Number of protein chains: 4
Amino acid sequence: MAGNMRAIWKMEQKEGLLVGEAEIPKIKDDEVLIKVKATSICGTDRHIYKWDGWAQKRIGSRVPYIFGHEVSGEIVEMGKAVKGLEMGDHVSAETHISCGYCYQCKTGQEHICKNVKILGVDTNGTFAEYFALPYRNAWKNDKNIPHWVATAQEPLGNAVHTVFAGEVAGKTVFISGLGPIGVCAVALCKAAGADKVIASGTNEFRQKFAKDFGADILLNPKEQNVRKEVMDATNGEGVDVFLEMAGAPQSLNDGLAVTKAGGRVSILGVFPKPFEVDVSTDIVFRGITLHGINGRRMFDTWYKSASFLRSGAVKLEKLVTHRFKLDEIEKGFEALERKEAMKIVLEP
Amino acid sequence: MAGNMRAIWKMEQKEGLLVGEAEIPKIKDDEVLIKVKATSICGTDRHIYKWDGWAQKRIGSRVPYIFGHEVSGEIVEMGKAVKGLEMGDHVSAETHISCGYCYQCKTGQEHICKNVKILGVDTNGTFAEYFALPYRNAWKNDKNIPHWVATAQEPLGNAVHTVFAGEVAGKTVFISGLGPIGVCAVALCKAAGADKVIASGTNEFRQKFAKDFGADILLNPKEQNVRKEVMDATNGEGVDVFLEMAGAPQSLNDGLAVTKAGGRVSILGVFPKPFEVDVSTDIVFRGITLHGINGRRMFDTWYKSASFLRSGAVKLEKLVTHRFKLDEIEKGFEALERKEAMKIVLEP
Amino acid sequence: MAGNMRAIWKMEQKEGLLVGEAEIPKIKDDEVLIKVKATSICGTDRHIYKWDGWAQKRIGSRVPYIFGHEVSGEIVEMGKAVKGLEMGDHVSAETHISCGYCYQCKTGQEHICKNVKILGVDTNGTFAEYFALPYRNAWKNDKNIPHWVATAQEPLGNAVHTVFAGEVAGKTVFISGLGPIGVCAVALCKAAGADKVIASGTNEFRQKFAKDFGADILLNPKEQNVRKEVMDATNGEGVDVFLEMAGAPQSLNDGLAVTKAGGRVSILGVFPKPFEVDVSTDIVFRGITLHGINGRRMFDTWYKSASFLRSGAVKLEKLVTHRFKLDEIEKGFEALERKEAMKIVLEP
Amino acid sequence: MAGNMRAIWKMEQKEGLLVGEAEIPKIKDDEVLIKVKATSICGTDRHIYKWDGWAQKRIGSRVPYIFGHEVSGEIVEMGKAVKGLEMGDHVSAETHISCGYCYQCKTGQEHICKNVKILGVDTNGTFAEYFALPYRNAWKNDKNIPHWVATAQEPLGNAVHTVFAGEVAGKTVFISGLGPIGVCAVALCKAAGADKVIASGTNEFRQKFAKDFGADILLNPKEQNVRKEVMDATNGEGVDVFLEMAGAPQSLNDGLAVTKAGGRVSILGVFPKPFEVDVSTDIVFRGITLHGINGRRMFDTWYKSASFLRSGAVKLEKLVTHRFKLDEIEKGFEALERKEAMKIVLEP
């Protein structure tokens, strides 16, 4: 396919973006061309938009390029080496483009590939009318799921990966951090038979979503003593499982302190810099198992996400607080700035 | 059994000990009385002897009491509720005396019992001619193993628990900390088919033991750049498994940095206070699994230890650098002070 | 406590029972005396009542004795070695009375103790006003759960053990056999986020319960081609998980045939004798993992069961189709004979 | 590369082969052309040579084609889509050519791909001077390993997959079946710290290899009561792990009977037809976990195999009893017929 398309460019090494034009990408033999039906804004996109320290370091002089990576669309062209897909398939993108030949890739751990490239970070992304994707990264969606819902599957996948890094059925769970991923985690824990789900976050707008998605107890660390509240809610036993999704040192340390001896701690949150942890008291003496969680397992995580979407156990559509035209993307960043949004979807 | 016995007392809340007398303990229905044939000095005993911050906080005003907990002896008396043991059995002591009714105990995790008492720390211990032990804590030794060797099984057990918290066969392993536990870990990894074992410690006397027990590469963090050396030795891949047995912040951070994405980190080391960890870079982004290790699993760990003793794969007898009469215990602490000892055995 | 009580005796080595009297049991130091508030009839009790081949072989000449083992009651007396319990506690009985010193017991596998005794099979049981129980086998119930519901926790536990022998969240599950355990398994799978639950049984009365407990698809192997139906319902993929709870050769072979390559098969069903299995095609070539399931894990299973009871996710009270006075026990066996019952509760 | 090459053809649907010529294969974009340096004879090749029931059913009318699949060679040509390999690399072939898009492939289980093709069975194989292979199936060998040794890695891989389907360190293991895979399993168990390895096989020539590779006890089921011997050797406890590598009903049933309650049974053996198993007694009541094992995990298994080769723990070169020129292949089949061979290597 040839011609031009609308696209959102990160043009310069400073805050901002450009709504403009680009050539429709040419695909390689092992790629598919996807017509974007819906794309959504991730926290990562906000880092890129604001051009914060992370973006400066991670992207630097590779501008200009097209960003965005949460997406749902249709296959409109296929390279000759593509297998297992068809024209017209509805697909989302697994954003970790793995090398296929490093140790991690060759042992079923493509999500932590040593040479990974991230769609929309290291390559041109989905804030556009079309984008090219290696066919192995295309995830076929059920056509019954609207594109504006399916695009939010990527953060759901992060939640699935974190929640199911261990057992939750019959377990008490403490979730710290109530962005879209944290709220999905609440819904997943309830859908998977968790005993009691305690959720903690500072933003009242977002707390309502956690409540709506089934949290049994809501805490606000700005106003409450999280450690005391969790211990009280568990008869002094602490929780079986702690999911860190806030990326704040206090959050991790509070969570470790209220996890039962022998419990599980799974960390998805990203912390800006090193910080103090009481390794002996909080991890060693109490026999804690701790997992660092990155991306989504390919593609176990996607199969599970699809199942929870299909069953209706996770009502992803409720997370979409705003739908804009692609060209209106700056409205989306503004809503996020006002902390009055969960998931913002853009439709070309 | 009635009468008096020789015993080593921690008398006062200050450095030192008293070689004296005590009454032979009266046993309860569910206890056995064990005649001590050999008892050995653990790092914990040294904390108690020196009366450092840990000992002041952990033991405080409970002095005077008899300390010591690594032991091998013979059953000379049995309470009427005792099952599965016989008079004359050679036994060692699992030192974690668990309550039996907390959540951890009721789910196969007695080693992290919520109400645990430690033999020789919370109760009268084994630096004596006799001691009393709940029969469930008695581990029957093979009578072919001399008592002066069997007493060193307790630290071997810590090593077994740590090494086998995950897979080691065919894996590269980095072990930091070369006390008796670290050196046992080296031997175990080699005996269990580890690919390459890199061991790091600052004490040259102890490095020789690591070498003798099979370490493929020896590092000294005082003289070498540990991160560079480990990465070079693994073709830039990092190790599959990191075992922290030094209890030093730099050791943990170095080890995390050289663990392969998707790798395993098991921490047995005890760190005196909280310290900075780069959680995002070293744990989250690389999908690390980290275990805090405490005590020995009851009694999986002991079965495995016994197997490695029986097969000769771990030559525990080589770790015993000194054998003294019980009354000469201060000679043992002096040898440790000079850093010229591994395991010091006392025989009543 | 002294005196007489009502009790149901298996008197002779033939079909039948005797409603009579017995002495209230004297407890040992490590036992509690429990006043029975509700006790229920298990399939095992029916084998004993009917005196079939299993009962003849397993019990033989040990008659007369008091049978029954599913129970809920109150502690009215405690031996002096009892810990973690109080007078008046509501308790159920873990029926596997383990030795505590065999390999299995010493490695957290008491449920498959080499020297196990079963309450009400190898010892006097719960079809009485009182029974004695080792305190370690007493499970403390929430006092909010009526005794006539709590007694049905034992089969729920079998279901919990089987269902959670592997992962079910987001997985398709095929359950064959719809007695009380099979029906509980249906409810548990749904409560734990299973993707699609296909249940198969021949008894229409019981199929209704499976439907009511959430089965997505119901099959009757007498009327339908189970293999075809399951494959059709899973787009030709087969199920991720197969739970065998019927104890019929055809059921196991059908289930194996429809389990996806790499899938999990957990077998609780008891088969009267050896039978043909296509090991190569159905297990080896497709990389199946298969678990034999016996009893309940002590006490992980009980903690999980309690959680699902507390949350209301498994409505155990619906399974109780009949409540009789203890003396009316034969009415219970008659209802079972007519295949018009699920769980029958007896109240002294 | 163009031209002709020597090749071994399965010409007709009957016993036999043809030593002849073929065109050097043309490779696709994602394939490599490998110059065969050594190729070896697998049991599968013998089925094909003899044209037994399995071969008739599995291959049927797809003759003529070139068979063989165990190999080591050099890359002499690469398709343009190939990544992570270089000209001149020494490689072996993972023989399971997976589709890449089925459920199994997309969840890290390519070894049980739904649409798998087997090299040398479903496609032209390695009994030739050259063969074509998808680059993802090429395993890079250490250049220090001679080709005539590296070709035997494929059966070693089957052994690695089976042995490490669970834990062996400190465990007693019973291995039934002493072909090249069984003998490798013996060596691996010893190298990985197994407690005691009991090996059983009927061929005396092969028993010597098991002895040489470290078996602690050798049994011959034709002459001994295997069940009694294994129970005696384990003090009546039974083994922790049973590895079935004989593919005989009696072997599986004996092994199940001597596996400890809670033990692990991994089955690699292929059984010609269904047979009776005592599922209740041997699997259910004793809480056995059983795995069907097929192929090698891609590529965890290969990494582990490489490690054991590198360390010298498995002396694969000792298994090579015969080396012939490729054209002399019938001599190889004759040696196998006489039961005087382990691994037969052919060199073009």
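What you are looking at is a predicted structure, and each value in this text was computed from that prediction instead of being measured. Residue numbering restarts at 1 for every chain, and letters A, B, ... go by the order of the sequence lines.
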Next on the checklist: Using heavy-atom distances under 4.5 Å, tell me whether A:C105 contacts chain D through its side chain, its backbone, both, or neither.
Outcome noted: neither
Item to check | Residue A:R297 versus chain D: region with a heavy atom under 4.5 Å | outcome: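 Nothing of A:R297, per the 4.5 Å heavy-atom cut-off to chain D.
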With a sphere of 6.0 Å drawn around [atom1] of [X], does it hold more than 12 non-hydrogen atoms of other residues, nucleotides or ligands?
X	atom1	result
A:K140	NZ	yes
D:K26	NZ	yes
D:E317	CD	yes

Item to check | Side chain, backbone, both or neither of D:K80 within contact of chain A (heavy atoms, under 4.5 Å) | outcome: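 Side chain only.
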Checklist entry - What part of D:D29 lies closer than 4.5 angstrom to a heavy atom of chain A: side chain, backbone, both or neither? => result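 Just the side chain, heavy atoms under 4.5 Å.
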Checklist entry - Quick one: of A:Y135, A:W302, A:F299, who has the most non-hydrogen atom pairs under 4.5 Å with chain D? => result A:F299
Item to check | Distance (rounded to the nearest 0.5 Å) between D:T107 OG1 and A:K304 NZ | outcome: 10.0 Å
Next on the checklist: Run the side-chain contact (heavy atoms from CB on, under 4.5 Å) test on D:K106 and A:Y303 for me, step by step, so that the C-alpha distance in whole Å, both residues' side-chain angles and the decisive distance to 0.1 Å come before the verdict.
Outcome noted: CA-CA 9 Å; D:K106 289 184 88 78; A:Y303 280 100; 3.8 Å; yes
Next on the checklist: For A:Y101, does the six-membered ring have the charged nitrogen or CZ of D:K83 within the cation-pi criterion, i.e. under 6.0 angstrom from the centroid and within 45° of the normal?
Outcome noted: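 No - D:K83 does not lie over the ring of A:Y101 by the 6.0 Å and 45° rule.
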